[in-house]
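In what follows, chains are A, B, ... by sequence order, proteins preceding strands, each numbered from 1. What you are looking at is a predicted structure, and each value in this text was computed from that prediction instead of being measured. Basis for what follows: all heavy atoms, side chains included, without hydrogens, waters or symmetry-related copies.
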There are 2 protein chains.
Amino acid sequence: MRLRQINIATSYQEVFQQLESAILKGSIKIGETIPTEAELCRIFGVKRSSVREGIRLLEQSGLVARGAGRRLIATAPATDRTSENFIRSATLNAVTLRELWRVERELEALACRLACEVARSEHLDRLAANIKETRRSAGDPKATTRLDMEFHRLLSQATGNRALTIARDPLGILLYASTDFLIARLDQSTGRLITAHENILAAIRAKDVDLAVLWMTRHMDDFKRGCTMSGADFDQPISDFVDHETLAALIRAQPETSLP
Amino acid sequence: MRLRQINIATSYQEVFQQLESAILKGSIKIGETIPTEAELCRIFGVKRSSVREGIRLLEQSGLVARGAGRRLIATAPATDRTSENFIRSATLNAVTLRELWRVERELEALACRLACEVARSEHLDRLAANIKETRRSAGDPKATTRLDMEFHRLLSQATGNRALTIARDPLGILLYASTDFLIARLDQSTGRLITAHENILAAIRAKDVDLAVLWMTRHMDDFKRGCTMSGADFDQPISDFVDHETLAALIRAQPETSLP
DNA sequence: GAATGCCGTTTGTCAGACAATGTGACAAAT
DNA sequence: ATTTGTCACATTGTCTGACAAACGGCATTC
């Protein structure tokens, strides 16, 4: 005889699960409004407090957001939700800069390979514009760092691979936030950074996979060297490099990466 | 004169943010109990409904969970929270099997490289045990598929790189769930699967990076061939291969990957 | 036609209550 | 001595009812 764990869901969890299913399977389409709280009370046969608590769970999952008025509309969770979670998880598990960097290095290389394959000109133009702006930002390390992060984000979008974008985004944000702390690093190396970006873009334009990956790898190794040279211990947990307030601000400041 | 966007947080959001900060910066340590709702009411000066709605946000973030009794304790969000989010995002953005597979292929290769570097014998033994069990599972495709997923999860843990584990886990779950649907595929190829796993493990034991990556790449390409041969269109969104109920069950069934 | 003010609707919050469930201690039974 | 029954207590889950603030939409005004 096999008996199983008893697991009774509370009312508010039931509210969450039913609405979540409805959104994920498309009964409620993205952009549609969710019924009002009063209506949900009628539908589910529970009181407003339970409905509201269930809605909070949806809210934190990124499945609903307040649209025009205060009505809730169904939304597809963008990369920033996954980023939030990744960042919380990485922070509390004391993930080190080295671990983060190693994975990011590989994903950036993959981004280069994929970009060479699909590379639409509109995406490449955006990258070119980013480089141009980066050159103008010389002398403003904070802006340079931000544009660097933006370059890599644009590159991942240029691949058209949304799994890559979703997976890479949080890593990019965390690395950026950590090095923002070590900003002195950049003063010396803005030149090298621009050179690397330019060469990467040129290689992608030429569809030269190996060259693009080579330059990207150099770029990432430069990044590491810069960190260690400015005294950072690559084996310290990221929470030593960046406080949570900064991270929270960063997450919310993301330009809501669109996944076409 | 520079005026900025006004952004007033509601009471329950404020409750969430303050508790989130406290946990992330360690004022409330992982494993500690959160004050009772009544106490939080006193502390924050708001009513229970607001406190409770704030707690729901924490709950969905994976920052708290019900411990012994019904008291809430602070928890470090494990990989399954990030997985949930990734999966919702990937599903609703209609990410295709191809996109997913391409990224997973790269991360698995990285896992091989890192495993060759650090490879502690206890982890390798676990992989060996998994292969042994896989061999016993011949004839039970469902079990084989599950053990295959488990192999890759164990491998990523063997790298000691928690950023990799957190990033890879959701991809593994999604790919597994999608192919569970195409289970016939496996009947023909369990042999090849075991051979691949064995060769990967042997190469890692011998610290032969190139060989390990080579076998892993073959293994992943086999996977793709198996999918297409059993009639799957690799360019269809994953939601065509797996319904949400299955995914939700999978997420909850995860053995709560520990990040040491 | 665009700006303004009013009104119904919906949400955010409060106030208070009760039942269900879990804890801990202690007595009773095996 | 270990297990079981019982009880008081703490805490959570849910309900009831209410009100102010904020918003959309509509009629009004210039």
[X]: partners by side-chain contact (heavy atoms from CB on, under 4.5 Å), with sequence neighbours left out:
X	answer
B:Ser49	B:Lys47
A:Ala22	A:Ser27, A:Ile28
A:Asp235	A:Arg98, A:Asp233
A:Ala90	A:Phe86, A:Val95, A:Leu174, A:Ile238

Pairing residues for [X] by the side chain to side chain donor-acceptor pair (under 3.5 Å) criterion, not counting sequence neighbours:
X	result
B:Arg81	none
A:Thr36	A:Glu39
A:Thr96	A:Glu99
B:Asp125	B:Arg205

Original post:
From A:Ser137 OG over to A:Asp148 CG, what is the distance, rounded to the nearest 0.5 angstrom?
Top reply: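 The OG atom of A:Ser137 sits 9.5 Å away from the CG atom of A:Asp148.
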Original post:
Should A:Glu84 and A:Arg88 count as an ion pair when the cut-off is N to O under 4.0 Å?
Top reply: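 A salt bridge links A:Glu84 with A:Arg88.
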Between [atom2] on [N] and [atom1] on [X], what's the gap in Å once rounded to a whole number?
X	N	atom1	atom2	value
B:Leu72	D:dT12	CG	P	7 Å
B:Arg66	D:dT12	CZ	P	10 Å
B:Ile73	D:dT11	CD1	P	16 Å

**OP:** Under 4.0 Å from any atom of DNA chain C, heavy atoms only: list the residues of residues 27-42 of chain B that qualify, in numerical order.
**Re:** none
**OP:** Strictly below 4.0 Å, heavy-atom distances to any atom of DNA chain C: list the hits from residues 45-59 of chain B, or just say none.
**Re:** B:Val46, B:Lys47, B:Arg48, B:Ser49, B:Ser50
**OP:** Find the bend of the helix from C:dG1-D:dC30 to C:dT30-D:dA1 as the angle between its two terminal axes (five pairs each), to the nearest 10°.
**Re:**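 Rounded value for the end-axis angle: 30°.
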**OP:** State whether B:Ser11 places a side-chain N or O below 4.0 Å from either non-bridging phosphate oxygen (OP1 or OP2) of C:dG12.
**Re:**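 For C:dG12, neither OP1 nor OP2 has a side-chain N or O of B:Ser11 closer than 4.0 Å.
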Enumerate, atom names and distances included, each donor-acceptor pair closer than 3.5 Å involving a side-chain atom of residues 57-64 of chain B, sequence neighbours excluded.
| unit_1 | atom_1 | unit_2 | atom_2 | d |
| --- | --- | --- | --- | --- |
| B:Glu59 | OE1 | A:Tyr12 | OH | 3.3 |
| B:Glu59 | OE1 | B:Arg56 | NH1 | 2.7 |
| B:Glu59 | OE1 | B:Arg66 | NH2 | 3.3 |
| B:Glu59 | OE2 | B:Arg66 | NH2 | 3.1 |
| B:Gln60 | NE2 | A:Ser61 | OG | 2.8 |
| B:Ser61 | OG | A:Gln60 | NE2 | 2.8 |
| B:Ser61 | OG | B:Leu57 | O | 2.8 |

**OP:** For A:Thr10 and for B:Ile8, locate the closest nucleotide of DNA chain D by heavy-atom distance; then report the residue assigned to the nucleotide nearer the 5' terminus.
**Re:**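 Looking at DNA chain D, the more 5' nearest nucleotide goes with A:Thr10.
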